[in-house]
Amino acid sequence: MHTVVMTKGVPDFREGKVAFDEDGHLERGNTPTVMNPNDEHALRAALQTRVRHGGRVSVMSMGPPGYEDVLQEAMESVYADDCYLVSDKQFAAADTWATAITLATAIEHLGEPDLVFAGFKTADGETGHTGPQTCWGLDIPIVTHVVALDIDPEERTLRAKRLVEGDIEEIETVETSLPAFVVADPEFEPSYRTARHRLERKRLREEARERAADIDEHVTYWDHEELNLDPDYVGLDGSPTIVSSVDPIPRAPAEREATEVDPTDPEALGEVVEELTPHAGGD
């Protein structure tokens, strides 16, 4: 069983972490990058598969060399065996289509994985397109919004419960053959039913920590030449999307009101405690 998990680095949008230029554009170079939060669900689903059925887990991301931190976090989360960073200036400014073409080619370059996992959307683009478009490039079945998963390696089948959103949220059960593409829903909850599963998870976690400590030795870098990709079909040149406008990200407050307090003044300190107590939830 070979499982691949797609992950992405996104800007850290927490207050005070985001940097803008004079025109209000995001400065990615000065804004910390973190792992896309929705990828955690894909990682949990892949880990459950690894613990139950063994095999090899690979993590793949497309981005600049600075994404090693994202891969390291993903490796620790899913106890991955190896990581692949698809990185090249030719891939810059790719829309979801060009990104999907690149990632599908990279996954095929790995061979024929049994399962590919993705989160349901990224925190920066929020289109939810890249996973399904990558699956289209791989030409394998896809199951989206998966909340529970069972694999039968011998029968080469996947049975999943998926969330159907409509007027009323429903759960439906679907079955397909392997290889398959799974988009994990935020409602996905892994299940480790037996003591053997829990002990196996502990063993894998300890091994993964050692690998993640030397992440550079476990990352393989691929550029467009390695993947035999034509520059005209990747990156900005291969992106048919035309962006008409971008919603601005709320700026962190530029100034805050501050009051100096004499630390030797008991009355002033009492006022500080009285002011802070409601926010701390204390008495």
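Quick caveat: nothing in here was measured; it's all calculated off a predicted structure.
Checked by atom type and distance alone, the side chain of E172 never pairs as donor or acceptor with a backbone atom of K161 at under 3.5 Å. Between the S87 side chain and the G63 main chain, a donor and an acceptor come within less than 3.5 Å of each other. The closest donor-acceptor contact from the side chain of N38 to the backbone of F120 lies at 3.5 Å or more, if one exists at all. Side-chain atoms of D223 come within 3.5 Å of backbone atoms of E226 as a donor-acceptor pair (strictly under, hydrogens ignored). For the pair R159 (side chain) and T173 (backbone), a donor-acceptor distance under 3.5 Å is absent. Checked by atom type and distance alone, the side chain of D69 never pairs as donor or acceptor with a backbone atom of Q72 at under 3.5 Å. In this structure, Y67 contributes its side chain and G9 its backbone to a donor-acceptor pair below 3.5 Å. For D81 (side chain) and V57 (main-chain N/O), a donor-acceptor pair under 3.5 Å exists by modelled atom type. S239 contributes a side-chain N or O that, together with a main-chain N or O of D95, makes up a donor-acceptor pair within less than 3.5 Å. R162 contributes no side-chain N or O that, together with a main-chain N or O of I171, makes up a donor-acceptor pair within less than 3.5 Å.
T3 places a side-chain heavy atom less than 4.5 Å from the side chain of F117. Residues T144 and I142 have side chains in contact (heavy-atom distance under 4.5 Å, counting atoms from C-beta outward). Proximity of V70 to T33: side-chain heavy atoms (C-beta onward) are separated by under 4.5 Å at one or more points. Counting heavy atoms from C-beta outward, E210 and E206 have side chains that stay 4.5 Å or more apart.
The distance from atom OG1 of T194 to atom CG of L199, rounded to the nearest 0.5 Å, is 8.5 Å. How far CD1 of I215 is from CD of E73: 11.0 Å, rounded to the nearest 0.5 Å. Between the CE atom in M1 and the NE2 atom in H53 there is a gap of 5.5 Å [rounded to 0.5 Å]. With rounding to the nearest 0.5 angstrom, the SG atom of C83 is 3.5 Å from the CE atom of M75. Remark: D230 CG to T105 OG1 distance equals 11.0 Å, nearest 0.5 Å. In this structure, the separation between CG on D88 and CD on E225 is 7.5 Å, given to the nearest 0.5 Å.
When all heavy atoms are compared, the tightest approach of V51 to H197 is CG1-O, 3.2 Å. Scanning all heavy atoms of the two residues, the minimum distance from A160 to V143 falls at CB-CG1, 4.1 Å. Nearest heavy-atom pair across A180 and I140 is C-CD1, 3.7 Å. In terms of heavy atoms, A42 sits closest to A118 at CB-C, 3.4 Å. Across all non-hydrogen atoms, the minimal contact from A46 to V5 is CB-CG2, 3.3 Å. Minimum heavy-atom separation, A268 to V261: CB-CG1, 3.8 Å.
Using modelled atom types and a 3.5 Å distance limit, the side chains of T157 and D152 yield no donor-acceptor pair.
Ring geometry, W222 versus H109: the interplanar angle exceeds 60°, so the pair is classed perpendicular (tilted spans 30 to 60°). Using cut-offs of 30° and 60° on the angle between ring planes, the pair W136 and W97 is tilted.
V174 and L178 fall within the same hydrophobic cluster, where Ile, Leu, Val, Met, Phe, Trp and Tyr residues are linked whenever their side-chain heavy atoms come under 4.5 Å apart, directly or through other members. Side-chain heavy atoms closer than 4.5 Å link hydrophobic residues (I, L, V, M, F, W, Y) into clusters, and following such links, possibly through other members, connects L227 to M6. L149 and V116 fall into different hydrophobic clusters, where Ile, Leu, Val, Met, Phe, Trp and Tyr side chains are chained together by heavy-atom contacts under 4.5 Å. A single hydrophobic cluster is seen to contain both L138 and M60, as judged by linkage of ILVMFWY side chains at heavy-atom distances under 4.5 Å, directly or through other members. Both Y84 and L103 belong to a common hydrophobic cluster when Ile, Leu, Val, Met, Phe, Trp and Tyr are linked at side-chain heavy-atom distances under 4.5 angstrom.
In this view, R44 satisfies the salt bridge (Lys or Arg N to Asp or Glu O under 4.0 Å) rule with no residue, not counting sequence neighbours.
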Should L43 and H41 be marked as a side-chain contact (heavy atoms from CB on, under 4.5 Å) after you check the CA-CA gap, both sets of side-chain angles, and the distance that decides it? CA-CA 5 Å; L43 292 165; H41 315 301; over 6 Å; no
Assess the residue pair L229 and F91 against the criterion (side-chain contact (heavy atoms from CB on, under 4.5 Å)); give the C-alpha distance rounded to whole Å, side-chain angles, the decisive distance to 0.1 Å, and a yes or no. CA-CA 10 Å; L229 281 165; F91 300 148; 4.1 Å; yes
Begin with the C-alpha distance, continue with both residues' side-chain angles, and end with the deciding distance and a verdict on side-chain contact (heavy atoms from CB on, under 4.5 Å) for L204 and R50. CA-CA 9 Å; L204 292 171; R50 168 71 178 279; 3.4 Å; yes
Let's go through R201 and L47 carefully: what are the C-alpha distance in whole Å and the side-chain angles of both, what is the deciding distance for side-chain contact (heavy atoms from CB on, under 4.5 Å) to 0.1 Å, and is it a yes or a no? CA-CA 8 Å; R201 184 181 178 189; L47 177 57; 4.0 Å; yes
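Enclosure of atom CG in N228 is not indicated, since only 12 or fewer non-hydrogen atoms of other residues, nucleotides or ligands lie within 6.0 angstrom. No more than 12 heavy atoms of other residues, nucleotides or ligands sit less than 6.0 Å from atom CG of D139. Around the CD atom of E155, the shell of radius 6.0 Å holds no more than 12 heavy atoms that belong to other residues, nucleotides or ligands. Within a 6.0 Å sphere centred on CD of E108, heavy atoms belonging to other residues, nucleotides or ligands number more than 12.
Residue pairs meeting the salt bridge (charged side-chain N to carboxylate O under 4.0 Å, His left out) criterion with at least one partner in residues 262-271, sequence neighbours excluded, are absent.
By the 4.0 Å N-to-carboxylate-O rule, R56 lies too far from D114 to be salt-bridged with it. Electrostatic pairing of R196 and E200 does not count as a salt bridge here, judged by no charged N lying under 4.0 Å from a carboxylate O.
For the pairing with E207, the side chain to side chain donor-acceptor pair (under 3.5 Å) check across R203, R209, R205 returns one residue only, R203.
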Could you go through residues 182-193 and list every donor-acceptor pair under 3.5 Å that involves a side-chain atom there, pairing it with any protein atom two or more places apart or in another chain?
| residue | atom | partner | partner atom | Å |
| --- | --- | --- | --- | --- |
| D185 | OD1 | H145 | ND1 | 2.8 |
| D185 | OD2 | E187 | N | 2.8 |
| R193 | NH2 | D150 | OD1 | 3.3 |

